[in-house]
Amino acid sequence: MKIAFVGKGGSGKTTLSALFIRHLAATGAPVIAVDADINQHLGPALGLDEAEAAALPALGERLPLIKEYLRGANPRITSATEMIKTTPPGAGSRLLRVCEDNPVYDACARPVELDGDVVRLMVTGPFTDADLGVACYHSKTGAVELCLNHLVDGRGEYVVVDMTAGSDSFASGMFTRFDITFLVAEPTRKGVSVYRQYKEYARDFGVTLKVVGNKVQGQDDLDFLRAEVGDDLLVTVGHSDWVRALEKGRPPRFALLEDVNRRALHRLRTAADATYELRDPERYTRQMVHFHLKNAESWGNERTGADLAAQVDPSFVLGESAVAAV
C-alpha cells in the first residue's frame with residue numbers, strides 16, 4: 001500500500017508518519033519509508049541522530065543511476081538522459097518491489113532499526129548551497145515520483161511517504177500515486193485550510209483523503225474538526241508523553257506508546273488496508289500518462305530535445321500483473 005502524509009508545516013505530519021511507520025514495523029510488515037520533504041525530519045523522527053540523518057544518501061543525487069536502472073530494456077526510451085520525473089514504465093522497463101534487493105535500494109536506501117524491527121529509509125536530500133537561487137524542491141522530489149511510477153506493491157506491503165508541507169504536492173502528479181492520503185490537521189483555521197485546498201485539487205483524481213486531527217485537547221477541538229472536515233475526519237491524536245521523550249532524544253520502547261494513540265494508528269492501518277480493494281491499475285496508469293504528457297509539453301520536450309510523448313506504451317498497465325509479465 002502506498003500511503004502519503006501531508007499537512008501544513010508544524011502540523012505534526014512527520015511525527016505521525018514516523019509513528020505509523022513504527023506501528024507497521026512492529027507488526028512485522030515490510031516497510032519502505034520515504035522522506036519527500038526537503039526539510040528532512042523523518043530520519044530524526046525515526047530515532048536517527050543528526051550525523052546519521054545527514055549521512056543518508058540523497059535520491060536526487062543518484063538520479064542518473066535510478067533512471068538507468070528503471071529504463072532497463074524499454075525500447076521507447078533510447079537514453080536515460082531523456083527520462084524525466086514523470087516518465088512512465090513500459091514493456092522492458094524495470095519495476096521496483098517492496099521486498100527485493102536491487103541497485104536503487106543499494107544506492108539510495110538505508111536500513112533503520114526500530115526496537116528490533118527494520119525498515120528501509122529513503123530521502124530526497126536537502127537543499128545545498130549550489131541549489132540556492134537556481135533550483136526548486138521539485139528537482140529533489142522528482143526522483144521520488146519516478147520511483148513511485150515504477151513501483152509495484154502488494155497487499156500487506158507498505159510505502160509510507162512524508163510529503164512536502166502544504167499543498168505544494170500539486171505542483172506535480174505525485175499526489176495521485178497513493179492508495180490513501182492522510183492529511184494531518186490541527187484544530188485551527190490555518191490547520192484546516194490545507195485540507196480545503198487538498199480536497200478541492202484532488203477532487204477530479206479519485207484521491208482517497210482522510211484527516212488525522214492532531215494536537216486535539218478536548219471536545220471543543222473535536223467539534224471544530226468535525227464541523228470543518230465532516231466525514232473525512234478519521235481519527236484524532238492528543239498529547240503524547242512518548243513523543244515528547246522522543247523529541248528530547250530519549251525514545252522509549254515503542255511498546256510503551258499510549259494505548260489511545262496505539263488504537264489511532266491501528267485505525268490508520270485499517271483504513272489504508274481497506275483501499276486495496278479499490279485499486280484501479282488502468283486509472284493509475286492513465287493518470288501517470290496524463291501528467292507525463294503535460295510535463296513533456298510544458299518543459300520536458302524542450303529540455304531533453306526529444307518527443308517524450310513517444311515514451312508512452314499504450315499497451316502497458318502498471319500493477320501486480322505487470323511484474324509477472326517482466
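Because only heavy atoms are used, hydrogens play no part in the values below, and waters and symmetry mates are left out as well, while side chains stay in.
Note on Val211 and Leu268: separate hydrophobic clusters, where clusters join Ile, Leu, Val, Met, Phe, Trp and Tyr whose side-chain heavy atoms are under 4.5 Å apart, directly or indirectly. One hydrophobic cluster, built from ILVMFWY side chains closer than 4.5 Å, holds both Leu42 and Val31. Linking Ile, Leu, Val, Met, Phe, Trp and Tyr whenever their side-chain heavy atoms come within less than 4.5 Å leaves Val289 and Leu95 in two separate clusters. Under a hydrophobic-cluster definition in which Ile, Leu, Val, Met, Phe, Trp and Tyr are linked whenever side-chain heavy atoms come within less than 4.5 Å, directly or via other members, Phe205 and Met163 are assigned to the same cluster. Under the 4.5 Å side-chain contact rule for hydrophobic residues, Val161 and Ile66 share a cluster.
Annotation: cation-pi geometry satisfied between Arg177 and Tyr284 (NZ/CZ under 6.0 angstrom from ring centroid, within 45° of ring axis). Annotation: cation-pi geometry not satisfied between Arg189 and Phe224 (NZ/CZ under 6.0 angstrom from ring centroid, within 45° of ring axis).
Heavy atoms only, all atoms of each residue included: Leu256 and Pro252 are closest at CD1-CB, 4.1 Å. Residues Ala25 and Val119 approach most closely at CB-CG1, 3.7 Å, considering heavy atoms. Across every non-hydrogen atom of Leu233 and Val229, the tightest pair is CB-CG2, 3.5 Å. The two residues Ala29 and Arg269 come nearest to each other via the heavy atoms CB-NH2, 4.0 Å. Residue Pro314 comes nearest to Val312 through the heavy atom pair CD-O, 3.3 Å, listed as atom of the first residue, atom of the second, then distance. Residue Asp35 comes nearest to Gly43 through the heavy atom pair OD2-N, 4.4 Å, listed as atom of the first residue, atom of the second, then distance.
When the options Lys13, His41, Gln40 are evaluated for a side chain to side chain donor-acceptor pair (under 3.5 Å) with Asp162, the one that passes is Lys13.
The side-chain heavy atoms of Leu308 and Thr87, taken from C-beta on, include no pair separated by under 4.5 Å. Side chains of Val194 and Val6 form no contact here, defined as non-hydrogen atoms less than 4.5 Å apart. Side chains of Leu121 and Leu48 form a contact here, defined as non-hydrogen atoms less than 4.5 Å apart. Contact annotation: the side chain of Thr15 approaches that of Glu247 to within less than 4.5 Å [non-hydrogen atoms, C-beta and beyond]. Looking only at side-chain heavy atoms (C-beta outward), Ile84 and His292 come within less than 4.5 Å of each other. Considering only heavy atoms from C-beta on, Leu96 comes within 4.5 Å of Tyr69 through its side chain. Using a 4.5 Å heavy-atom cutoff, the side chains of Ser240 and Leu257 are in contact. Residues Ile180 and Met1 have side chains not in contact (no heavy-atom distance under 4.5 Å, counting atoms from C-beta outward).
Atom CG of Asp273 sits about 7.5 Å away from atom CD1 of Ile3, to the nearest 0.5 Å. The NZ atom of Lys199 sits 11.5 Å away from the OG1 atom of Thr181 when rounded to the nearest 0.5 Å. The CG atom of Leu151 sits 9.5 Å away from atom CG of Leu70, with the distance rounded to the nearest 0.5 Å. To the nearest 0.5 Å, atoms CE (Met83) and CD (Gln311) are separated by 7.0 Å. Remark: Ile21 CD1 to Arg120 CZ distance equals 14.5 Å, nearest 0.5 Å. With rounding to the nearest 0.5 Å, the separation of OG1 in Thr285 from CE in Met288 is 5.0 Å.
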Audit row: Phe178, Leu148, side chain to side chain contact (heavy atoms under 4.5 Å, CB included) steps and yes/no: CA-CA 9 Å; Phe178 303 101; Leu148 290 176; 3.9 Å; yes

Criterion side chain to side chain contact (heavy atoms under 4.5 Å, CB included) on Leu222 and Thr236, from CA distance to verdict: CA-CA 8 Å; Leu222 180 59; Thr236 62; 3.7 Å; yes

Quick one, Thr275 with Lys210, criterion side chain to side chain contact (heavy atoms under 4.5 Å, CB included). Give me CA distance, side-chain angles, the key distance, then yes/no. CA-CA 12 Å; Thr275 63; Lys210 291 296 179 182; over 6 Å; no

One pair to check against side chain to side chain contact (heavy atoms under 4.5 Å, CB included): Ile32 and Tyr105. What are the steps and the verdict? CA-CA 10 Å; Ile32 294 177; Tyr105 294 162; 3.2 Å; yes

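The closest donor-acceptor contact from the side chain of Trp242 to the backbone of Arg253 lies under 3.5 Å. Using a distance-only test at 3.5 Å, with no hydrogens or angles considered, a donor-acceptor pair links the side chain of Arg262 to the main chain of Phe254. Within the 3.5 Å criterion, the main-chain N or O of Asn295 finds no donor-acceptor partner in the side chain of Ser298. No donor-acceptor pair closer than 3.5 Å links the side chain of Asn74 to the backbone N or O of Gly92. Checked by atom type and distance alone, the side chain of Thr188 pairs as donor or acceptor with a backbone atom of Gly191 at under 3.5 Å. Side-chain atoms of Arg62 come within 3.5 Å of backbone atoms of Ala58 as a donor-acceptor pair (strictly under, hydrogens ignored). For Thr304 (side chain) and Gly300 (main-chain N/O), a donor-acceptor pair under 3.5 Å exists by modelled atom type.
A salt bridge does not link Arg94 with Glu68: every distance from a Lys NZ or Arg NE/NH1/NH2 to an Asp or Glu carboxylate oxygen is 4.0 Å or more. Between Asp153 and Arg279 there is a salt bridge, with a side-chain nitrogen of the basic residue lying less than 4.0 Å from a carboxylate oxygen of the acidic one. The pair Arg71-Glu82 does not meet the salt-bridge criterion, since no charged nitrogen lies less than 4.0 angstrom from a carboxylate oxygen.
Ring planes of Phe20 and Phe5: tilted class, angle from 30 to 60°.
Atom CD of Gln217 is surrounded by 12 or fewer heavy atoms from other residues, nucleotides or ligands within 6.0 Å. Gln219 CD: more than 12 foreign heavy atoms inside a 6.0 Å radius. Glu113 CD: more than 12 foreign heavy atoms inside a 6.0 Å radius. Within 6.0 Å of atom NE2 in His290, more than 12 heavy atoms from other residues, nucleotides or ligands are found, so the atom counts as buried in its surroundings.
Side-chain atoms of Tyr195 and Asp232 form a donor-acceptor pair, as typed in the model, at a separation below 3.5 Å. In this structure, a donor-acceptor pair under 3.5 Å is absent between the side chains of Asp179 and Tyr158.
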